[in-house]
Protein chains: 2
Amino acid sequence: MLMNQTMSTILDVAQELVQTRGYNAFSIKDIANRVEMRTSSIHYYFPTKADLCRALISRHRQRVADVLAGIDQKVGDPRTKLERFAYVFQSTIEAGNRMCPFGMLAADSDTLEPESCEELRASFDDLENWLKRVLLEGRKAGVIAFAGSAQHEARFILSTLEGAMLVARTYKDPGRFEVVARRLLGRLKK
Amino acid sequence: MLMNQTMSTILDVAQELVQTRGYNAFSIKDIANRVEMRTSSIHYYFPTKADLCRALISRHRQRVADVLAGIDQKVGDPRTKLERFAYVFQSTIEAGNRMCPFGMLAADSDTLEPESCEELRASFDDLENWLKRVLLEGRKAGVIAFAGSAQHEARFILSTLEGAMLVARTYKDPGRFEVVARRLLGRLKK
DNA sequence: GTCTATAAGATGATAGAC
DNA sequence: GTCTATCATCTTATAGAC
């Protein structure tokens, strides 16, 4: 999707609202107020709220792909890669007690368009596939140990991180997330 | 809270809506339609939506306490207790792809009254404390093994189960939950 | 592109009849 | 206890001026 600065700013604000309040707890007016525009101007860029949601998921999916590619490029050790992965989640909750956008939309998924829901699943698949690959790399290199399939272990890791954010949010205590994430990765030690 | 049949039915419907759509994605009218009453009648029992939410959390907290007491009474083996615990979550997602009420409200927590948010945390504390106790029982009896504090292990288990529900929901596939739950408990084997 | 104006419907909530 | 009627406000969205 071709995007200019204004659209990007609108999505920034919308994403923050999704992460803190959820898709059904903010209005176009909330966005308009924060970007200091009228609601009609928001609709100029995103005709409907559903359009905005689709753009949001799509952009975040791409951003996450870029972040994971960056980790692959900068980091060699598979265990360190997993730590970086977990830290992406941790830094999110540390910055204003935000939930993962995908995790929040998963909660709202019954109220999303089928199309948005599908891209949400594809986004989770991306995360799971990256984890699966890193786990296999680590097992092959002899630096990571886990039982069973890498696919299932990846799914396990993703579920735990999402759940740890969800619960920690309620306490507004990022420390709760950290304790769980540390335990999660500790399990994988050789 | 003293409750009659009508109030109980209203809360049943409201809870199902919370679990599937989230607190901010259903209206008093949605409840009224399903119980075949007018919105004003709903307000007769629960003056505000926030009142209804408080009653919902409070009732579910008590119900969960009863379920856990039932497990304690019927089951001796700590590992089996944990399996029963996980099955409470599994049966929830199997019944209409529902999220845990506490987990869903955790996502919505930024939009809840402070009082509701506090009881939500207390509800999570209940779950965590029960898990902690069972873990200690199991370790003492030599049938459960885990590293570190029981408190942190309990927190880890709760996070994973909530996250597994959240992600599985998006795929409408309870099998995804089961795979994660099985792995979660498999770790505790002696 | 951004605005004003406005529509049509939803929403939470209340007053008062029965 | 349930209803009708009504309210003020919010919400998403559109038309048309500038």
Side-chain angles (χ1 to χ4, degrees), chain A residues 1-57 104-105 107-117, chain B residues 1-57 104-105 107-117:
Chain A
M1 194 188 189
L2 197 66
M3 228 182 301
N4 61 32
Q5 181 55 54
T6 309
M7 294 172 92
S8 180
T9 304
I10 290 169
L11 285 188
D12 289 346
V13 168
Q15 181 172 317
E16 203 260 339
L17 287 165
V18 163
Q19 290 180 262
T20 52
R21 301 180 57 86
Y23 180 70
N24 297 294
F26 73 89
S27 67
I28 306 294
K29 187 109 171 55
D30 291 327
I31 300 172
N33 287 341
R34 299 197 192 195
V35 300
E36 290 177 300
M37 276 186 154
R38 304 297 167 166
T39 59
S40 54
S41 301
I42 308 298
H43 284 296
Y44 171 76
Y45 293 104
F46 303 100
T48 70
K49 196 181 175 185
D51 290 327
L52 192 151
C53 185
R54 234 181 305 111
L56 191 72
I57 297 171
M104 186 61 99
L105 291 170
D108 297 328
S109 60
D110 268 25
T111 71
L112 303 181
E113 283 181 314
E115 198 185 333
S116 290
C117 215
Chain B
M1 193 187 189
L2 196 67
M3 228 181 302
N4 61 32
Q5 180 55 52
T6 309
M7 294 171 93
S8 180
T9 304
I10 290 169
L11 285 188
D12 289 345
V13 168
Q15 182 173 315
E16 203 260 340
L17 287 165
V18 163
Q19 290 181 262
T20 52
R21 301 179 57 86
Y23 179 71
N24 297 295
F26 73 90
S27 66
I28 306 294
K29 188 109 169 54
D30 290 328
I31 300 173
N33 288 341
R34 299 197 193 195
V35 301
E36 291 176 301
M37 275 186 155
R38 303 297 166 167
T39 59
S40 54
S41 301
I42 308 297
H43 284 295
Y44 171 76
Y45 293 104
F46 303 99
T48 71
K49 196 181 176 186
D51 290 328
L52 192 150
C53 185
R54 235 181 305 111
L56 191 73
I57 297 171
M104 186 61 98
L105 292 170
D108 297 328
S109 61
D110 268 26
T111 70
L112 302 181
E113 282 181 315
E115 197 185 332
S116 290
C117 215

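Numbered from 1 within each chain, the chains take letters A, B, ... in sequence-line order. Owing to the predicted nature of the structure, the values given are computational and were not obtained by experimental measurement.
Residues from residues 31-38 of chain B with heavy atoms under 4.0 angstrom of DNA chain D, sorted by number: Met37(B), Arg38(B).
Atom CG of Asn24(A) and atom C1' of dT11(C) are 14 Å apart (whole Å). In this entry the distance linking CG of Leu52(B) with P of dT11(C) reads 15 Å, nearest Å. Atom CD1 of Ile42(B) and atom C1' of dG12(C) are 13 Å apart (whole Å).
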Output a table of donor-acceptor pairs, distance under 3.5 Å, between side-chain atoms of residues 31-42 of chain A and any protein atom two or more places apart or on a different chain; print 'none' if there are none.
{"from": "Asn33(A)", "atom 1": "OD1", "to": "Lys29(A)", "atom 2": "NZ", "distance (Å)": "3.4"}
{"from": "Asn33(A)", "atom 1": "ND2", "to": "Lys29(A)", "atom 2": "O", "distance (Å)": "3.4"}
{"from": "Arg34(A)", "atom 1": "NH1", "to": "Glu16(A)", "atom 2": "OE1", "distance (Å)": "3.1"}

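From Cys117(A), atom SG reaches atom CG of Asp110(A) across 7.5 Å, with rounding to the nearest 0.5 Å. Interatomic distance, CD of Gln19(B) versus CZ of Arg21(B), reported as 14.0 Å (0.5 Å rounding). Taking NZ of Lys49(A) as the start and CG of Leu56(A) as the end, the distance is 11.0 Å to the nearest 0.5 Å. One finds the CG atom of Leu11(B) at 11.0 Å from the CD1 atom of Ile57(B) (value rounded to the nearest 0.5 Å). Between atom CD1 of residue Ile28(A) and atom CZ of residue Phe46(A) there is a gap of 10.0 Å, rounded to the nearest 0.5 Å.
What you find for Asp30(B) and Ala25(B) is that their closest heavy atoms are OD2-O, 4.4 Å. Listed here is the closest heavy atom pair of Tyr23(A) and Phe26(A): O-CE2, 3.5 Å.
Within the 4.0 Å cut-off from OP1 or OP2 of dT2(D), not a single side-chain nitrogen or oxygen of Tyr44(B) is found.
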Expected rows: protein N/O vs nucleotides 11-15 of chain D N/O, under 3.5 Å:
{"from": "dT11(D)", "atom 1": "OP2", "to": "Ser27(A)", "atom 2": "OG", "distance (Å)": "3.4"}
{"from": "dT12(D)", "atom 1": "OP1", "to": "Lys49(A)", "atom 2": "NZ", "distance (Å)": "3.2"}
{"from": "dT12(D)", "atom 1": "OP2", "to": "Ile28(A)", "atom 2": "N", "distance (Å)": "2.7"}
{"from": "dA13(D)", "atom 1": "OP2", "to": "Lys49(A)", "atom 2": "N", "distance (Å)": "2.7"}
{"from": "dA13(D)", "atom 1": "N7", "to": "His43(A)", "atom 2": "NE2", "distance (Å)": "3.3"}

